[in-house]
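Report on one structure; see the data block that follows.
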Amino acid sequence: MPPDADGNRRRRVVIVGGGFGGLAAAHKLRHADVDVTLVDRTNHHLFQPLLYQLAAGGISTTECAEPIRFALRKSRHTKVVMAEVTDVDAERRQVVLDRGERLDYDSLIVACGAQTSYFGHDEWRDVSYGLKTLAEAEALRSRIYAAFEEAERAKDPAAREEWLTLVVVGGGATGVEVSGVLGIIAAHRDKRTFSGIDPRNTRVILLDAGDRVVPAFSEKLSGKVAKYLGELGVSVREGARATDIDEHGVTVEIDGKTERIPCRTVIWAAGVRAAGLTERLAKAAGANTDRAGRLEVNPDLTLPGHPEISAIGDATSLKGPGDRPLPGLATVAIQQAHHVTKAIRAGQPGATTPFKYFDKGALAVVGRGKAVCEIRGRELSGRIAFFTYLGVHLYYLGGGLGRRLELLTDWVTARIGHLENQVIEGELETVERVPEAAEPAR
Ligand SMILES: Cc1cc2nc3c(=O)[nH]c(=O)nc-3n(C[C@H](O)[C@H](O)[C@H](O)COP(=O)(O)OP(=O)(O)OC[C@H]3O[C@@H](n4cnc5c(N)ncnc54)[C@H](O)[C@@H]3O)c2cc1C
């Protein structure tokens, strides 16, 4: 808004990222006396906890993502820009966009999240599937169902087996959730629709370098998760470190020995690092990042020496209760957004009091109807944990109550692995093409 006759103007708040943290911040500033600009390189807010369902074909794209413009349609003083923020000019208080445009700010909230990380093996990106963005989940869905088609066409039993082996690397919550859903797909695909293969012969292997899956949970709950996965036919291999990945398989180090698992589909769920912008912002503002590229923020979530720049969510590193780093969870990002915006609404450039995380617990779902959760020291597993999981997601899903209930109903009743969900976008990519036969002479 331009300045009035007295030169007064509303304060300008720029938010980078329309994920859990950024969107929560924009919502909280809806009635504040500020002009907000939210910049995201995508046009949608992504509900990442449901990505594995999208990859499995259990839900559709629009059930997992909502246009940011739609989510903020009632926020009169909020402008949405679809662009990548490439830099920050901390001295002039401007963010720089991908086409060189500059946006002035009085307060900046950086909520740019994290991205898939291959721990220095960027070449694995081309031969594996991540599960962090909408595009990655859609690509994975196509690959899962294409693998069955490829297996059906394979003439050689070894090649068929390669196609029917799905390997997940990383036994955190994401790896566990995707393995569980792959187990269901394998068990429930309709054998009668294939003539050359029995989809039930699909092998799903979960590799984890640590000594137990979901280490964020207690040993007891980790054991339950491994048991539930086993019941779904998933082979859980703990202490197994992937040392190489290529188009035809994974090399694994296990108990000091090297093993090769031939397979054509590898899902990488082993690591994330902060979005690239954090490094540039750290340089511009004289801040530090940790080994995972996360911005080291003050306890009040501002950057050292910059009370007007706050950073929240997965892009940041901050210690919480017991001096342990806060987990990369939507609940952390949302609570941090509330902390920062409360101060901005009160007329400050950013918060000045320390952020205190209210631990709402952690959840991981395994297949259908089973989950584990740990809420304030209480451990739940099985169906009761699953229904707790549903309740939590009902609360955090965007949109009105009607949309949330509709989505959850779709989700709970989703027929994963059934024919109507098996849409492959495009053609099979990996079939070796036979050169076109020359036109017969007339
Ligand atoms: C598969 C999966 C399952 C999960 N399940 C759960 C769960 O059950 N419960 C839970 O609490 N958490 C869960 N999480 C974690 C949760 O999704 C994250 O902690 C949360 O999204 C972090 O919010 P954020 O706002 O920091 O970042 P994000 O939500 O990742 O948003 C970051 C946004 O910034 C944008 N962006 C990045 N860089 C730029 C740039 N340079 N310019 C413009 N825009 C940019 C991105 O496009 C994105 O929209 C899960 C994550 C995954 C991947």
Side-chain angles (χ1 to χ4, degrees), residues 14-26 37-56 64-68 71 80-88 95-98 103 109-117 130-137 140 168 170 172-178 181 214 216 267-269 271-272 274-281 293-295 301 311-317 326-337 340 357 359-365 371-373 388-390 392-393 395-398:
V14 172
I15 301 172
V16 184
F20 280 102
L23 197 62
T37 304
L38 186 148
V39 189
D40 197 298
R41 60 182 168 204
T42 71
N43 86 327
H44 53 263
H45 167 71
L46 184 60
F47 197 84
Q48 293 177 36
L50 287 185
L51 271 178
Y52 80 98
Q53 284 274 356
L54 177 65
C64 193
E66 184 184 29
I68 296 170
V80 177
V81 180
M82 183 179 171
E84 176 162 6
V85 174
T86 52
D87 212 343
V88 176
V95 296
V96 184
L97 306 188
D98 44 13
L103 302 175
I109 303 176
V110 177
C112 57
Q115 61 193 6
T116 307
S117 161
L131 194 59
K132 189 74 186 140
T133 64
L134 201 55
E136 286 175 338
L140 177 57
V168 179
T174 300
V176 158
E177 289 176 351
V178 75
V181 92
V214 282
I267 295 135
W268 180 259
V272 290
L277 178 66
T278 56
E279 300 289 352
R280 284 187 294 277
L281 174 58
R294 290 174 302 205
L295 289 159
L301 304 173
I312 60 174
D314 282 8
T316 63
S317 159
L326 292 177
L329 288 176
T331 43
V332 174
I334 292 169
Q335 288 181 35
Q336 291 183 331
V340 173
Y357 175 52
D359 188 353
K360 293 189 176 165
L363 292 139
V365 71
V372 292
C373 69
T388 309
Y389 181 86
L390 290 186
V392 169
H393 284 84
Y395 181 75
Y396 282 110
L397 278 169

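Counting starts at 1 for both ligands and their atoms, in listed order. Because only heavy atoms are used, hydrogens play no part in the values below, and waters and symmetry mates are left out as well, while side chains stay in.
Selection from A24, P49, A362 by nearest heavy atom to atom 6 (C) of ligand 1 gives P49. Of the listed options D87, N43, D314, D314 places a heavy atom closest to atom 18 (C) of ligand 1. When A337, A111, G175 are ranked by how near their heavy atoms come to atom 32 (C) of ligand 1, first place goes to A111. Here atom 23 (O) of ligand 1 lies nearest to A333 when heavy atoms of G313, G328, A333 are compared.
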> Going through the checks in order, is the side-chain contact (heavy atoms from CB on, under 4.5 Å) test met by T316 and L301?
Replying inline: CA-CA 9 Å; T316 63; L301 304 173; 5.6 Å; no

>> Under the criterion side-chain contact (heavy atoms from CB on, under 4.5 Å), I'd like the reasoning laid out for V332 against Y357: C-alpha separation, chi angles, the key distance, then a yes or no.
In response: CA-CA 7 Å; V332 174; Y357 175 52; 3.5 Å; yes

>> Does L326 form a side-chain contact (heavy atoms from CB on, under 4.5 Å) with Q336? I'd like the steps, not just the answer.
In response: CA-CA 11 Å; L326 292 177; Q336 291 183 331; 3.7 Å; yes

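In plain terms, the two heavy atoms of G18 and L23 that are nearest each other are O-CB, 4.1 Å. Across G22 and I15, no two heavy atoms sit closer than the pair CA-CG2, 3.7 Å. Of all heavy-atom pairs spanning A173 and V214, the tightest one is N-CG1, 3.8 Å. Annotation for V168 and A269: closest pair CG1-CB, 4.5 Å, computed over non-hydrogen atoms.
Within the 4.5 Å cutoff, the side chain of V96 has no heavy atoms near those of the V85 side chain. Using a 4.5 Å cut-off on side-chain heavy atoms (C-beta onward), I109 and V16 make no contact. Between L134 and L54, some side-chain heavy-atom pair lies under the 4.5 Å cut-off. The shortest distance between side-chain heavy atoms of L97 and T86 does not fall below 4.5 Å.
Within ligand 1, counting atoms from 1 as listed, the ones closer than 4.0 Å to a heavy atom of G17 are 33 (C), 34 (O), 35 (C). Residue G113 approaches ligand 1 through these ligand atoms, each under 4.0 Å from one of its heavy atoms: 26 (O), 27 (O), 30 (O), 32 (C). Within ligand 1, counting atoms from 1 as listed, the ones closer than 4.0 Å to a heavy atom of K132 are 53 (C). Close approach to T42 involves these atoms of ligand 1, each under 4.0 Å from a residue heavy atom: 47 (O). Every atom of ligand 1 with a heavy atom of T331 under 4.0 Å away is listed here by number and element: 11 (O). When each atom of ligand 1 is checked for a heavy atom of A83 under 4.0 Å away, the hits are 42 (N), 43 (C). Near L131, meaning under 4.0 Å from one of its heavy atoms, ligand 1 places the atoms 1 (C), 53 (C). In summary, the atoms of ligand 1 found under 4.0 Å from a heavy atom of G19, numbered by their order in the structure, are 25 (O), 28 (P), 29 (O), 31 (O), 33 (C), 49 (O).
At least one N/O-N/O distance between R41 and ligand 1 falls below 3.5 Å. Between A114 and ligand 1, a contact under 3.5 Å exists for no N or O pair. The shortest N or O to N or O distance between G21 and ligand 1 is below 3.5 Å. Between A275 and ligand 1, not a single N/O pair is under 3.5 Å apart. Residue F20 has at least one nitrogen or oxygen atom sitting less than 3.5 Å from a nitrogen or oxygen atom of ligand 1, judged on distance alone. Checked against a 3.5 angstrom limit, the closest N/O atoms of T174 and ligand 1 fall outside it. Residue Q48 has at least one N or O atom closer than 3.5 Å to an N or O atom of ligand 1.
In this structure, I68 CD1 and T42 OG1 are separated by 5.0 Å, a value rounded to the nearest 0.5 Å.
E84 is linked by a salt bridge (Lys or Arg N to Asp or Glu O under 4.0 Å) to R41, counting only residues two or more places apart in sequence or in another chain.
For D40, heavy-atom contacts with ligand 1 shorter than 4.0 Å involve the backbone as well as the side chain. Neither the backbone nor the side chain of A173 comes within contact range of ligand 1; no heavy atom lies under 4.0 Å. The backbone and the side chain of A330 each have at least one atom closer than 4.0 Å to an atom of ligand 1 (non-hydrogen atoms only).
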